[in-house]
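Here is the structure we will look at.
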Amino acid sequence: MTALLLTIPLLVAAPVPKDFKKPVPKLDGAWRLNGLELNGRQLGGNQNAVWRFDGDQLTIENPNALGATAPRPITTDAKASPKHFQFGNAGNQLGVYEIKGDALVICLSQQQGVRPPDAAGGQNVIRYLFTRVAGK
């Protein structure tokens with residue numbers, strides 16, 4: 001009985017395997033748009049726009065247009081699989097995102113209130129491809 005009581009603190013204090021400590025990549029920061037797809041086809045335009053995520057706010061800076069948009073509310077769920085987000089308070093523009101290193105993919109459905117199943121794109125899905133802006 002004493003031996004059992006002595007091993008319980010050792011089990012509780014045992015280090016957590018590295019697989020359980022993987023950090024969740026952060027969406028916060030500045031991301032430069034370098035690709036845009038609709039229904040799996042590449043589109044031009046909006047190149048060099050920068051999407052800046054700051055907590056629950058998104059600002060889009062477009063040097064080719066009039067400057068930056070007003071911050072708009074965004075809600076994210078990094079624990080969902082795939083990671084979820086929604087624009088606006090009504091939650092009518094739903095999307096998913098995927099971060100791999102300094103690359104970000106965002107997919108938005110063209111159908112209001114419908115979330116894409118993954119970040120691969122597809123029918124009625126706008127797919128945005130970004131790279132992280134260093135140092136910002």
Side-chain angles (χ1 to χ4, degrees):
M1 178 73 171
T2 305
L4 179 62
L5 291 174
L6 291 175
T7 55
I8 290 175
L10 293 175
L11 292 174
V12 172
V16 176
K18 288 184 181 181
D19 290 347
F20 294 107
K21 290 185 176 181
K22 289 183 181 174
V24 176
K26 299 283 186 194
L27 186 59
D28 280 354
W31 299 87
R32 183 170 311 285
L33 179 65
N34 54 24
L36 184 61
E37 300 172 359
L38 174 62
N39 299 330
R41 296 175 50 195
Q42 289 195 343
L43 301 174
N46 288 328
Q47 300 299 319
N48 297 318
V50 174
W51 289 27
R52 189 173 306 278
F53 295 90
D54 184 17
D56 61 353
Q57 299 288 311
L58 167 64
T59 304
I60 300 174
E61 302 166 359
N62 189 344
N64 301 332
L66 298 175
T69 64
R72 58 193 293 197
I74 182 171
T75 305
T76 61
D77 183 356
K79 294 180 182 179
S81 181
K83 295 172 180 55
H84 290 181
F85 71 88
Q86 69 183 38
F87 289 122
N89 295 325
N92 55 4
Q93 192 164 17
L94 305 175
V96 297
Y97 69 96
E98 177 180 271
I99 300 174
K100 289 184 180 176
D102 286 336
L104 168 65
V105 176
I106 290 179
C107 287
L108 291 173
S109 176
Q110 287 191 292
Q111 297 174 313
Q112 194 171 20
V114 175
R115 187 182 311 279
D118 54 41
Q123 194 65 26
N124 295 319
V125 173
I126 302 171
R127 188 170 187 244
Y128 299 87
L129 308 170
F130 298 89
T131 53
R132 188 180 294 276
V133 176
K136 293 188 180 184

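No experiment lies behind these values; they were computed from the predicted model shown. Sequence positions, counted from 1, serve as the residue numbers for this chain.
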Exercise: identify the closest heavy-atom pair between [X] and [Y]:
X	Y	answer
C107	A120	SG-N, 4.3 Å
Q57	P73	NE2-CA, 4.2 Å
P116	L94	CD-O, 3.7 Å
V96	H84	CG1-CD2, 4.1 Å

Say you draw a straight line from [atom1] of [X] to [atom2] of [Y]; how long is it, rounded to the nearest 0.5 Å?
X	Y	atom1	atom2	result
L27	I99	CG	CD1	5.0 Å
Q110	N39	CD	CG	6.0 Å
R127	L43	CZ	CG	12.5 Å
D28	D56	CG	CG	9.5 Å
L38	Q123	CG	CD	8.5 Å
R32	D102	CZ	CG	13.0 Å

task: For the pair S109 (side chain) and Q111 (backbone), establish whether a donor and an acceptor sit closer than 3.5 Å, ignoring hydrogens and angles.
output: yes

Grouping I, L, V, M, F, W and Y whenever their side-chain heavy atoms are under 4.5 Å apart, do [X] and [Y] come out in a common cluster?
X	Y	value
I106	V125	no
I60	L129	no
L58	F130	yes
I74	V105	no

task: Show your working on side chain to side chain contact (heavy atoms under 4.5 Å, CB included) between T59 and D54 and close with a plain yes or no.
output: CA-CA 8 Å; T59 304; D54 184 17; over 6 Å; no

message: With salt bridge (charged side-chain N to carboxylate O under 4.0 Å, His left out) as the rule and sequence neighbours excluded, what pairs involving residues 108-119 come up?
response: none

field: Parallel, tilted or perpendicular: rings of F53 and W51 (30°, 60°)
entry: tilted

